[in-house]
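Notes follow once the structure below has been shown.
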Amino acid sequence: MNEKRPAIGFTCAYTPLAVLEAAGFSGHRVLPTGGQWPDQAGRILHDNLCPHVKKVLDRALCNDLPELAGMVFMNSCDAMRRLYDAWIQVRPGEPALILDLPPMVTDRAIAFFAREVERMARSLGEWNNVEVTDDALAQSIGKYNQVADLFARVRVRAAEGTLSGGAPRLQELYNDASSQPFSETIARLEKVLTEAHGADPAAGGVQVFLFGNVLPDPGAVDLFTQCGARVVGDDFCTGSRLFAPLEVRDGEKPALALARSILNNPPCARTFDPEKPLALAQDLLERARACGAQGVIGHVLKFCDPYLARLPVVRETFKQAGMPLLLLEGDCSLGSIGQQRTRIEAFVEMLR
Amino acid sequence: MMYDYFNNLVTGIESTLVAHPEKKSHRKAYALEIARLGRRLYTEDERIAWCGVLAPFDVLNAMSVTSCFVEFVGAMLASTGMVPDFLQEAETRGFAPDTCGYHRAVMGATYKDLMPKPDFCIATSAPCAGGMGVMENIARHFNKKLYVLNIPQEATEESVRYLADQYQEMTDFVTQHTGRPLDREKLREAVTLSNEATAIMEEAYRLAQHVPSPANGKDLANFGVVMALLLGTPAAVEVARAYRDAFAARIERGEAGVPGEKVRLLWIQNRVQFKNEILDLLETENQAAIVCDELNAITWDPIDPDDPFPGIARRAISIPLNGTVKRRVKNLQKMALEHKIHGAVNPCHWGCRQGTGARGMVAEGLKQVGVPVLNLEVDCVDTRNYAPGQIRTRLEAFIEMLTA
Ligand code: SF4
Ligand code: SF4
């Protein structure tokens with residue numbers, strides 16, 4: 001039975017989804033895919049902003065959104081905060097909130113972010129006329145962790161090649177999970193895990209690890225498969241980063257646990273440890289190696305400063321380590337990644 | 001090479017002023033201090049910190065650290081015409097041409113060994129994500145410790161405390177690298193000097209509101225942004241005073257910054273840093289004076305010298321490129337009204353997401369107070385794609401529209 005909850009839109013994998021559920025909502029990730037919208041966002045923002053952000057704004061401008069009780073944005077990058085600014089201008093009067101998100105992981109930053117999480121809980125509570133108690137938050141974190149745990153198990157199936165539908169199916173599951181209540185996702189994933197082992201369309205393919213920011217179209221993931229790759233792991237904010245487990249320490253306030261876990265989970269390029277500048281490059285390399293990848297494909301969106309500033313060192317690190325790397329740039333659309341088919345095929349061929 | 005460049009600049013200006021005291025001017029005072037800072041940056045034995053734009057330079061000055069935001073190097077390379085080689089170097093190393101030219105230039109300078117090796121680095125999360133990425137790269141390249149200041153978007157009691165605590169921690173970080181603990185008395189003096197300088201700068205900006213304005217585009221270019229580097233030192237007070245007195249004297253003499261001023265313009269965000277004909281075209285050919293720059297605003301209150309960190313935190317949070325566009329627009333509207341502006345120019349610096357991302361909202365906000373905006377498409381640092389003919393046509397059409 002579907003659980004009916006009003007939906008809150010969000011656009012970034014750093015959004016504390018457990019707070020949405022604790023306030024009686026469910027999250028709805030406004031993805032930059034789906035429709036064909038006229039390109040209007042560039043006039044309000046600028047053409048040189050990341051296509052993820054522009055497409056989300058285009059959806060808002062075209063009213064191509066489900067019914068939303070509000071929006072929660074994260075101050076994760078310049079483009080994202082401009083999206084918030086534009087959103088409140090084009091949809092005045094609708095509840096919207098932006099949370100400050102520290103770029104670094106320190107105790108002080110975590111404490112600050114925990115207060116932002118509490119502010120979010122208060123605002124959402126007001127939007128829904130409920131009080132978001134610590135108990136409700138703790139319960140919601142528990143459910144979130146169930147989702148994270150189930151996804152970890154589904155990922156294992158995908159990596160070993162026994163998930164029917166393979167990596168594109170996993171992507172569909174991520175997309176669905178980002179737009180429905182936790183309970184529905186839990187039921188769905190439990191069912192997936194009881195399925196008989198299916199055939200992986202990519203069986204026998206070259207093992208690759210994917211990383212980047214936003215690539216939600218299952219068709220895009222399928223393209224890698226068609227090019228002869230078998231995706232054995234990913235690091236995308238529309239993929240594995242979306243449901244990373246939250247650690248709750250004994251006696252810790254849920255908001256603090258959320259803040260600490262979210263900032264400590266595998267980061268997108270915008271978050272880093274000042275003690276280890278550019279550790280992202282080494283981390284990605286180690287994760288790729290850990291899942292037995294023969295090569296790595298990075299797919300980043302055009303104009304994404306957090307990634308663009310780190311790619312030179314990623315490239316250098318991979319080169320020194322002898323890990324083959326293909327870097328692609330796109331605009332989230334299947335069309336743009338489709339244009340790179342020859343490069344992907346050549347890369348996969350080289351790895352054989 | 002860079003030491004010689006700045007040293008020649010310093011000695012050149014100094015000897016001109018000795019030989020021709022009548023040539024003393026506010027702009028020379030400003031140029032001299034910038035050259036002195038440049039020389040210190042390339043002097044051995046100085047304690048050097050490469051920083052983000054919003055580092056508290058008065059605190060660092062009080063701790064005897066020669067500090068500078070890295071974008072300064074990009075602007076300098078552009079102004080001296082040397083930038084293409086450095087941009088090329090950064091691009092060869094994988095920095096996308098779509099990123100901010102200031103940052104590409106500074107990365108090129110880093111790779112080409114033009115940047116003095118810092119003792120440590122201080123990044124600031126505002127104004128931009130690109131700046132953070134570059135600081136991470138610079139810290140790694142030089143293998144130096146990095147401290148990150150997270151500038152919150154809004155000045156709530158909590159966020160001000162959060163940033164103030166970071167400043168306190170930053171001073172411990174600095175001490176670890178310099179061996180010099182923070183001297184509270186020196187900090188007090190530095191903050192008092194900052195307050196004095198900013199109060200005088202405010203007076204100068206107020207004088208610039210006069211019709212006709214005593215200010216012109218050359219006077220105001222980069223002024224507020226670069227003055228931040230001098231805050232906390234007597235030099236900042238001296239330069240600010242030179243500006244105020246020059247403007248007051250021009251008003252007294254009935255002299256306009258742009259003779260025959262017909263149109264008053266507001267410049268949004270960055271100036272175009274390389275040699276170009278924009279000012280000539282506007283001011284000499286069309287008597288369209290730039291009478292204020294967005295980044296010259298003093299958006300904060302005087303800072304309490306006895307408890308400076310909360311006030312310094314409010315200052316960083318208040319700058320127009322931090323926070324929401326709503327706040328930025330309010331600031332621009334106020335500026336436009338106070339300066340009796342006819343039109344605004346927004347160069348929309350290619351690669352600056354936070355700046356260009358506000359383009360439409362800024363134009364809409366200024367329209368609400370009757371100020372049309374001309375959006376130019378330009379990279380303020382990268383000379384290679386500059387199209388002077390196109391810029392001329394657009395500016396001329398804009399001035400024509402404003403004067404019709
Ligand atoms: S893809 Fe990059 S620029 Fe776009 S929202 Fe994500 S981090 Fe920001
Ligand atoms: S121009 Fe924009 S992107 Fe470049 S340094 Fe300034 S704020 Fe950052």
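Scope of the values below: all heavy atoms of this structure, side chains included, with no hydrogens, waters or symmetry mates. Chain letters run A, B, ... following the sequence lines, proteins first, then strands; residues in each count from 1.
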Atom pair CZ/CG of B/Arg328 and A/Asp85 - distance to nearest 0.5 Å:
10.0 Å
Residue among A/Pro274, A/Ala269, A/Ser76 with most heavy-atom pairs under 4.5 Å to chain B
A/Pro274
Among the options A/Glu275, A/Arg81, A/Arg43, pick out the one with the most heavy-atom pairs lying under 4.5 Å from chain B.
A/Arg81
Heavy atoms only, distances under 4.5 angstrom: which of B/Thr356, B/Val362, B/Val148 has the most pairs with chain A? Name it, please.
B/Thr356
Nearest 0.5 Å, what's the CD-NZ distance between A/Gln89 and B/Lys326?
9.5 Å
Answer yes or no: are there more than 12 heavy-atom neighbours, outside B/Gln368 itself, under 6.0 Å from its atom CD?
yes
CZ of A/Arg310 to CG of B/Asn137: how many Å apart, nearest 0.5 Å?
7.5 Å
Highest number of heavy-atom pairs under 4.5 Å with chain A: which of B/Ala90, B/Gly323, B/Gly355?
B/Gly323
Show, in sequence, the C-alpha distance, side-chain angles and deciding distance for A/Arg82 and B/Arg353, and conclude whether the side chain to side chain contact (heavy atoms under 4.5 Å, CB included) test is met.
CA-CA 8 Å; A/Arg82 291 299 162 252; B/Arg353 316 304 160 204; over 6 Å; no
With only heavy atoms counted, which part of B/Leu321 is less than 4.5 Å from chain A, the side chain, the backbone, both or neither?
backbone
Say you draw a straight line from OG of B/Ser125 to CG of A/Asn75; how long is it, rounded to the nearest 0.5 Å?
7.5 Å
Tell me whether B/Glu136 contacts the main-chain N or O of A/Leu278 through its side chain, where contact means a donor paired with an acceptor under 3.5 Å.
yes
Measure distances from B/Ala96 to the heavy atoms of chain A and classify the residue's part below 4.5 Å as side chain, backbone, both or neither.
side chain
Using only non-hydrogen atoms and a strict under-4.5 angstrom cutoff, which residues of residues 47-62 of chain A touch chain B?
A/Asp47, A/Asn48, A/Leu49
Sub-4.5 Å heavy-atom contacts with chain B: which residues of residues 110-121 of chain A show up?
A/Phe112, A/Arg115
Interatomic spacing from OG1 in A/Thr271 to CE in B/Met132 - rounded to 0.5 Å:
9.0 Å
Per-residue tally against chain A (heavy atom, under 4.5 Å) across B/Arg93, B/His141, B/Glu158 peaks at B/Glu158
Taking every heavy-atom pair that is under 4.5 Å apart, which of B/Ile138, B/Val134, B/Asp165 has the most such pairs with chain A?
B/Asp165
Non-hydrogen atoms of chain A under 4.5 Å away: do they reach the side chain of B/Asn375, the backbone, both or neither?
neither
Checking A/Asp78 side chain against B/Ala129 main chain: does a donor-acceptor pair fall under 3.5 Å?
yes
Any idea which of A/Lys302, A/Arg315, A/His46 has the most non-hydrogen atom pairs under 4.5 angstrom with chain B?
A/His46
Mind ranking A/Ala79, A/Cys77, A/Ala86 by heavy-atom pairs under 4.5 Å with chain B and telling me who comes out on top?
A/Ala86
Okay, A/Tyr84 and chain B: the region with an atom under 4.5 Å from a heavy atom over there is side chain
Bottom line for B/Glu377: the part with an atom under 4.5 Å from chain A's heavy atoms is side chain
Interatomic distance, B/Thr324 atom OG1 to A/Ile88 atom CD1 [nearest 0.5 angstrom]:
6.5 Å
Atom CD of B/Glu169: over 12 foreign heavy atoms under 6.0 Å
yes
Taking B/Gln153's backbone N and O only, do any of them form a donor-acceptor pair with A/Asp100's side chain (distance below 3.5 Å, no angle check)?
yes
For B/Arg140, is it the side chain, the backbone, both or neither that has a heavy atom under 4.5 Å from a heavy atom of chain A?
both
Less than 4.5 Å to any heavy atom of chain B: does that hold for the side chain of A/Leu311, its backbone, both, or neither?
neither
